Structures are given as C-alpha cells and as structure tokens.
Amino acid sequence: MELICPAGTPAAFREAVDSGADAVYCGFRDETNARNFPGLNFSREELGEAIGYARRKGAQTFVALNTFMRAGHERLWYQAAADAVRLGADALILADFGLMAHVAETYPEQRLHVSVQASASNPDAVNFLVEAFGAKRVVLPRTLTISDIARLAGQIRCEIEVFVFGGLCVMAEGRCALSSYATGKSPNMNGVCSPASHVRYRHDGGDLVSELGAYTINRFPREEAAGYPTLCKGRFDIADASGYAFEDPVSLDVMDQIDALREAGVSALKIEGRQRGKAYVAEVVSTLRKALDARPEERQALLARLKLLSEGQRTTSGAYEKRWR
Amino acid sequence: MELPRPLVAPLAVVPIPLIEMAVKHVFSSLLKRHPALFERLAEHKVKRYAFSPADLPVVFVVQPSGAALSVMRKPADPAADAVVEGPLFQLLALLEGRCDADALFFSRSLSVTGDMEAMLALRNALDGCEIDLPRDLGASAGPLAPLVSRTAEAIRRRALAGENAAWN
C-alpha cells in the first residue's frame with residue numbers, strides 16, 4: 001500500500017519525501033484547497049521545485065484542488081488546474097463535479113483522484129465519477145467501517161485511499177456546515193474549518209477557554225490536554241448533561257488495522273496534517289513508514305509515541321471500528 | 001527543558017537596552033537571511049508579536065516589517081496583537097521548526113492569545129523558512145563564527161534532549 005503524506009510548505013514537503021512518502025499532497029496558496037490557512041501552502045514556483053524534488057527521489061506529487069468553485073469565479077480553479085498540470089502533478093485531488101468535468105475534458109491524460117470532500121461513499125456515487133470523469137482513485141470519508149470499505153471495494157472500479165492517521169473529521173466532508181454556521185466560512189467554500197480569524201483563546205484562572213465566533217467551544221482545566229476549536233469537538237451543556245456532543249478532542253490512528261485495510265481492498269493510506277509543522281510531518285511519516293514495513297506485533301510500540309503529537313494527546317480508530325452514538 | 005535559575009538570575013539586573021541591543025542584532029540578522037518569511041507572513045508582517053518565555057523575567061515584542069524589537073521586564077502588559085508563552089527553549093525550537101506547535105499547544109506547555117490569524121501566519125512562515133540558529137548566529141559573528149556556531153549547537157543539543165524534537 002502507498003503512503004500518502006501531507007505538506008503545507010516546501011520544507012515539510014522535503015521532510016515527507018525524505019521520511020519515506022510514496023506521494024505527497026499539497027495545495028496552492030489560495031482558496032482552491034481545503035487548507036487555506038495564513039502562511040501555508042505553495043506558490044507556483046515552489047510547487048514546480050517540489051515536484052522536481054519528489055521525482056528525483058522517486059516520489060509522486062498530488063495537488064489538492066478540493067474546494068467547491070464559487071459561481072462566477074471558476075477561473076481561479078481552472079487556472080490552478082492548468083498550472084498543476086503544467087508543473088507536472090502526478091494527480092489532481094478534486095471535489096467539485098464541475099471542476100472534474102473541466103479537467104477530464106481539457107486534460108484527458110491527467111490522473112484524477114476524488115477528494116474526501118466529494119463525500120463519495122457508495123458504489124453508485126463512486127462509479128458515476130469513474131465513468132463520467134475517469135477518476136482513478138477515491139479518498140473515502142472517515143465515516144465508514146472497515147467492513148463497509150470491503151463491501152464497497154468489491155463494487156467499484158477504482159483504487160481506494162483512506163485516512164489512517166491525523167486530524168479526525170467526523171462529518172460527511174464537503175457537506176459539513178458547522179464552521180459556516182459559526183463563522184460564515186467553511187472548508188468547502190473557503191478552504192478553512194474554524195478559521196483562525198474567528199478563534200480566540202483566553203485564560204480563566206487555570207482554565208484555557210477556546211472560542212469560535214460567538215460560541216464557547218471548550219474549557220480545558222489546567223492539567224487537561226487541549227484540542228482544536230471546532231464545533232464537532234466542542235464540549236457543551238445539553239439538557240442536564242455536559243459533554244462532547246459529537247466527538248472528543250482526539251486524532252485518528254488505525255495503523256493497527258493496516259492488514260485488515262489491505263484485505264479490504266485499500267491501495268493507499270493517507271496521513272492528515274497539511275496544517276502541521278515539518279517536525280510533525282517528519283516524525284509521523286518516518287514512524288508510519290517503519291510501521292508499514294514492520295511485523296504486526298512490532299507496530300504498537302512504534303506508534304505509541306505519536307499519541308503525544310495528537311489532538312487531545314489521544315487517538316481513536318474512529319468510525320472504522322465503531323458505530324455512531 | 002527550562003533554563004536553570006543561575007542562568008536566568010542575571011537577566012533581572014542587566015540593563016534592558018543592553019539586552020535589546022544583543023537580541024535586536026540576532027533578530028535583524030535572521031530577517032536578512034530569511035526574506036521568505038515576509039512573503040509567507042503577507043499582511044501579517046506589520047503585526048506585533050510578543051514572546052514571553054515562561055522561564056525568563058523579560059518579554060520580547062517584535063514587528064517583522066519594521067525589524068522592530070523591544071524588551072520589557074515582567075510583569076508586563078505588552079502592546080501586541082498576539083502573544084505566545086512557553087519555556088525559552090521551546091520557543092527557540094519553534095523558531096527553527098524543530099517542535100510541532102500544535103502538539104505543544106495540545107500538551108498545554110505553549111499558550112497563545114490575541115490575533116490567531118497573525119499567530120498562525122507567523123508559525124507557518126517560521127516553519128517554512130528553515131531557520132537554523134547555530135548556523136545563522138555563526139553567519140553574523142564574523143571571525144568568531146566557528147566558535148559561536150559550535151557553542152550554539154552544543155546548547156541546542158542539550159536543550160532538546162528529551163524534548164519531542166526528533167526532526168533535524
């Protein structure tokens with residue numbers, strides 16, 4: 001199975017390649033990708049250099065253009081696709097059907113992957129994208145069990161990529177409106193979930209209080225590990241109870257299930273984290289590469305140290321093994 | 001790792017202008033050697049960032065666009081758009097991108113307040129520009145370069161031992 005690794009900067013990109021990535025995914029410095037954070041991402045020149053670096057080291061480069069085009073402003077996404085193709089991207093990761101159609105018609109030789117943001121999670125949806133746009137791979141939402149994936153794999157005509165480590169989005173991605181509800185901005189349209197412009201942290205005694213727009217998301221006592229200020233991992237008072245309505249502050253880790261994922265028909269394992277630093281990228285990629293090459297009984301010890309890098313300093317197997325509450 | 005008290009104590013009596021002069025020299029030299037920092041910071045380069053090392057009695061405020069730097073003694077209420085607080089060696093490790101800022105935030109050893117967009121831009125800009133303090137300090141030390149680089153390298157190695165900073 002391939003190891004698909006994140007990079008938010010050229011420095012992180014080189015770390016990912018040097019640490020054993022089979023492919024690195026990244027995006028341009030604008031709203032065409034779902035990690036449109038300040039100071040992050042690649043200029044055209046940087047992407048060209050990164051692709052060259054990856055090629056020399058035998059790795060591939062996937063370019064994420066995985067937001068939805070704004071009506072009347074399609075040119076921004078078309079230009080990004082044109083530039084990624086010209087610079088030699090090995091695959092484009094797309095979510096918008098209109099952009100998929102444009103790429104399939106304009107660059108028929110370009111390899112096209114279906115982003116998790118397209119939320120394609122059943123055989124009809126995936127096969128439609130394969131037939132209509134020539135999609136070669138689908139990145140599945142983090143809402144399916146391994147059994148679901150195995151059933152799906154038998155019915156679709158493209159490769160499957162799944163998230164195995166990193167930030168855990170628990171929603172039907174591309175359709176989640178929680179960030180929009182709180183801030184007016186979303187990963188789908190603007191490339192930002194819980195944008196930093198709307199985040200505030202304050203200290204109340206020993207507590208850390210996180211706020212998103214007009215909402216208090218969480219209050220962490222002094223000794224408790226903190227999490228991201230997203231609504232899906234907020235702690236709320238609901239009726240007489242107080243707790244996490246959707247999910248705890250926790251990261252995904254299903255590396256102990258890689259044999260089951262392989263048997264289910266998965267061909268690529270994806271690490272989330274383009275917004276994380278190069279130290280994180282180097283540590284996670286090199287550890288996961290070792291785990292992939294190790295015997296099953298050796299994996300747990302290799303992966304244990306990654307918990308400290310994770311949201312809430314805890315990991316979960318997410319929906320891969322559990323049902324919704 | 002936190003700074004040992006005998007190393008910190010003298011800072012309480014060293015005149016602020018002297019500290020300012022020394023740190024300003026390093027800051028200006030870093031900005032000159034890493035112009036890509038400005039490109040990534042974009043409009044956030046005019047913001048004022050306060051660095052408050054938890055183990056030092058002083059706070060540093062920088063404004064990248066003007067290469068401006070000021071130092072004040074604690075307790076201080078610096079006029080800054082964003083403030084980051086943590087042990088000095090962790091702040092320096094972040095400057096070099098040797099530790100992951102999110103992981104330090106999750107562990108509660110790093111605290112951030114104020115304009116988070118500006119802070120995120122700075123974090124990403126620093127992570128992308130490959131600062132190497134021993135190398136960069138050596139470059140501005142003239143004939144003392146080898147000595148300065150070697151000393152800084154030894155201090156860094158010792159400071160990061162035991163930290164989650166495997167990257168190098």
Side-chain angles (χ1 to χ4, degrees), chain A residues 7-15 19 29 37-43 46 167 192 194-203 206 208 210-211 220-229 249 251 273 275-284 286-287 305-314, chain B residues 34 36-45 47 49 52 54 64 81-85 90 93-132 160 162-168:
Chain A
T9 62
F13 189 103
R14 289 190 290 276
E15 290 298 332
S19 302
R29 212 177 289 172
F37 296 168
L40 207 66
N41 293 319
F42 290 64
S43 66
E46 286 170 341
V192 281
S194 306
S197 53
H198 290 67
V199 172
R200 285 287 179 277
Y201 295 109
R202 62 184 172 82
H203 296 279
L208 169 67
S210 59
E211 298 169 342
F220 301 99
R222 191 185 297 274
E223 299 302 325
E224 189 176 306
Y228 287 124
S251 283
Q275 77 285 6
R276 302 293 293 261
K278 62 193 172 199
Y280 174 91
V281 169
E283 178 73 15
V284 172
S286 60
T287 303
R305 61 178 292 166
L306 296 185
K307 274 197 174 58
L308 289 178
L309 297 175
S310 300
E311 181 175 8
Q313 298 196 312
R314 289 189 298 135
Chain B
H34 299 281
L37 187 73
F38 292 106
E39 197 195 331
R40 284 198 176 272
L41 276 173
E43 71 267 27
H44 300 290
K45 67 186 173 200
K47 304 276 175 70
Y49 300 90
S52 179
D81 297 289
V83 181
V84 57
E85 184 169 6
Q90 272 184 4
L94 283 174
L95 190 70
E96 292 191 326
R98 283 179 182 273
C99 286
D100 180 70
D102 289 16
L104 294 178
F105 170 77
F106 298 148
S107 74
R108 307 289 299 275
S109 54
L110 191 76
S111 127
V112 284
T113 49
D115 181 342
M116 283 305 108
E117 202 170 35
M119 189 53 82
L120 196 57
L122 180 66
R123 189 281 299 266
N124 290 331
L126 288 171
D127 206 73
C129 75
E130 303 193 81
I131 289 172
D132 182 305
L160 292 180
E163 298 285 336
N164 204 347
W167 178 80
N168 56 49

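Every chain is numbered from 1 and lettered A, B, ... according to where its sequence line falls, protein lines coming before strand lines. From a predicted model like this one, the values you see are computed outputs, not experimental measurements.
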K.L.:
Quick check for you: to the nearest 0.5 Å, what is the distance between Ser107(B) atom OG and Asp100(B) atom CG?
P.N.:
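If I round to the nearest 0.5 Å, the distance is 10.0 Å.
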K.L.:
Are side-chain heavy atoms of Lys47(B) and Glu117(B) found at a separation under 4.5 Å?
P.N.:
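With C-beta onward as the side chain, the pair stays apart.
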K.L.:
Non-hydrogen atoms of chain B under 4.5 Å away: do they reach the side chain of His198(A), the backbone, both or neither?
P.N.:
neither
K.L.:
For the residue pair Tyr201(A) and Phe105(B), does the interplanar ring angle fall in the parallel (under 30°), tilted (30 to 60°) or perpendicular (over 60°) class?
P.N.:
tilted
K.L.:
Using non-hydrogen atoms and a 4.5 Å limit, figure out which bit of Tyr228(A) sits close to chain B: side chain, backbone, both or neither.
P.N.:
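Contact with chain B is through both the backbone and side chain of Tyr228(A).
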K.L.:
With a 4.5 angstrom heavy-atom cut-off, is it the side chain or the backbone of Ala101(B) that approaches chain A, or both, or neither?
P.N.:
neither
K.L.:
Under 4.5 Å heavy-atom distance to chain A, tell me which part of Leu120(B) shows up: side chain, backbone, both or neither.
P.N.:
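When you check distances to chain A, atoms from both the backbone and side chain of Leu120(B) fall under 4.5 Å.
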K.L.:
Could you tell me which portion of Glu39(B) (side chain, backbone, both or neither) has an atom closer than 4.5 angstrom to a non-hydrogen atom of chain A?
P.N.:
both
K.L.:
Under a 4.5 Å heavy-atom cut-off, does chain B meet the side chain of Arg14(A), its backbone, both or neither?
P.N.:
side chain
K.L.:
In terms of heavy-atom proximity below 4.5 Å to chain B, should Ser310(A) be classed as side chain, backbone, both, or neither?
P.N.:
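Backbone only.
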K.L.:
Ignoring hydrogens and geometry, is there a side-chain-to-backbone donor-acceptor pair from Arg29(A) to Pro38(A) under 3.5 Å?
P.N.:
no
K.L.:
Could you tell me the separation between the CD atom of Gln90(B) and the CG atom of Leu104(B), rounded to the nearest 0.5 Å?
P.N.:
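Answer for the CD-CG pair, Gln90(B) versus Leu104(B), is 4.5 Å.
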K.L.:
Can you find a heavy atom in the side chain of Pro10(A) that is under 4.5 Å from one in the side chain of Phe42(A)?
P.N.:
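The answer is yes, as the side chains (C-beta and beyond) meet within the 4.5 Å cut-off.
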